[in-house]
Amino acid sequence: MERGNDPLLNAIREFVAARDEADATVRALVAYARELATTRRYRLVEIAEAAGMSVSGVRNLYGPADLERARHMMSVIGEGGPEHE
């Protein structure tokens with residue numbers, strides 16, 4: 001069977017892509033909360049609870065690309081001024 005012709009396999013692919021996008025967004029939001037938020041200081045335990053993760057999991061969740069995505073997301077909504085650099 002050719003790829004793309006099976007509705008069930010297509011649905012699985014779509015949901016996996018949506019999950020991956022959601023995971024990337026969570027990583028960016030955690031990066032923002034840990035490193036860029038200026039309105040308040042977010043504690044690791046708060047972020048971990050919100051993400052359904054352990055504190056150590058949150059510490060290791062994101063990398064430079066996620067931080068850059070967070071900066072981009074915030075600039076799109078007007079929260080990414082020079083004070084966030």
Side-chain angles (χ1 to χ4, degrees):
M1 187 175 291
E2 289 182 33
R3 182 181 174 143
N5 290 338
D6 187 289
L8 177 59
L9 295 178
N10 288 339
I12 292 170
R13 288 183 189 101
E14 287 176 24
F15 280 102
V16 167
R19 179 197 62 202
D20 292 347
E21 180 64 22
D23 288 344
T25 300
V26 168
R27 288 192 311 271
L29 291 171
V30 168
Y32 177 82
R34 294 232 32 232
E35 301 202 22
L36 302 173
T38 58
T39 56
R40 68 174 275 214
R41 181 87 173 141
Y42 290 92
R43 296 181 354 221
L44 275 171
V45 68
E46 292 177 296
I47 299 167
E49 186 274 323
M53 300 179 69
S54 67
V55 169
S56 62
V58 167
R59 270 192 199 109
N60 299 309
L61 181 64
Y62 65 93
D66 303 306
L67 190 54
E68 188 55 38
R69 181 181 171 127
R71 282 189 179 103
H72 176 73
M73 288 169 58
M74 295 306 117
S75 71
V76 168
I77 62 169
E79 295 287 327
E83 71 276 7
H84 297 281
E85 300 284 323

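Values reported hereafter were calculated over all heavy atoms of this structure, with side chains retained and with hydrogens, waters and symmetry mates removed. Every value quoted in this text rests on a predicted model; they were computed, and no experiment measured them.
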F15-I12 co-clustered via ILVMFWY side chain contacts under 4.5 Å: no

Co-membership, hydrophobic cluster, residues V55 and V26, 4.5 Å side-chain: yes

Listed partners of [X] passing side-chain contact (heavy atoms from CB on, under 4.5 Å), at least two apart:
X	value
V58	V30, R34, L44, I47, A48, M53
A65	none
S54	S56
R41	none

Pairs satisfying salt bridge (Lys or Arg N to Asp or Glu O under 4.0 Å), at least one member in residues 16-26, at least two apart: E21-R69

Non-hydrogen atoms of A70 and A31 that approach each other most closely: CB-CB, 4.4 Å

Set of residues satisfying side-chain hydrogen bond (donor to acceptor under 3.5 Å, both in side chains) with respect to E46, sequence neighbours excluded: R40

From CA spacing to verdict: side-chain contact (heavy atoms from CB on, under 4.5 Å), N10, D6: CA-CA 6 Å; N10 288 339; D6 187 289; 5.6 Å; no

Spacing of [atom1] belonging to [X] relative to [atom2] belonging to [Y], to within rounding of 0.5 Å:
X	Y	atom1	atom2	value
L67	H72	CG	NE2	14.0 Å
Y32	M73	OH	CE	10.0 Å
D66	E35	CG	CD	10.5 Å
L36	Y42	CG	OH	12.0 Å

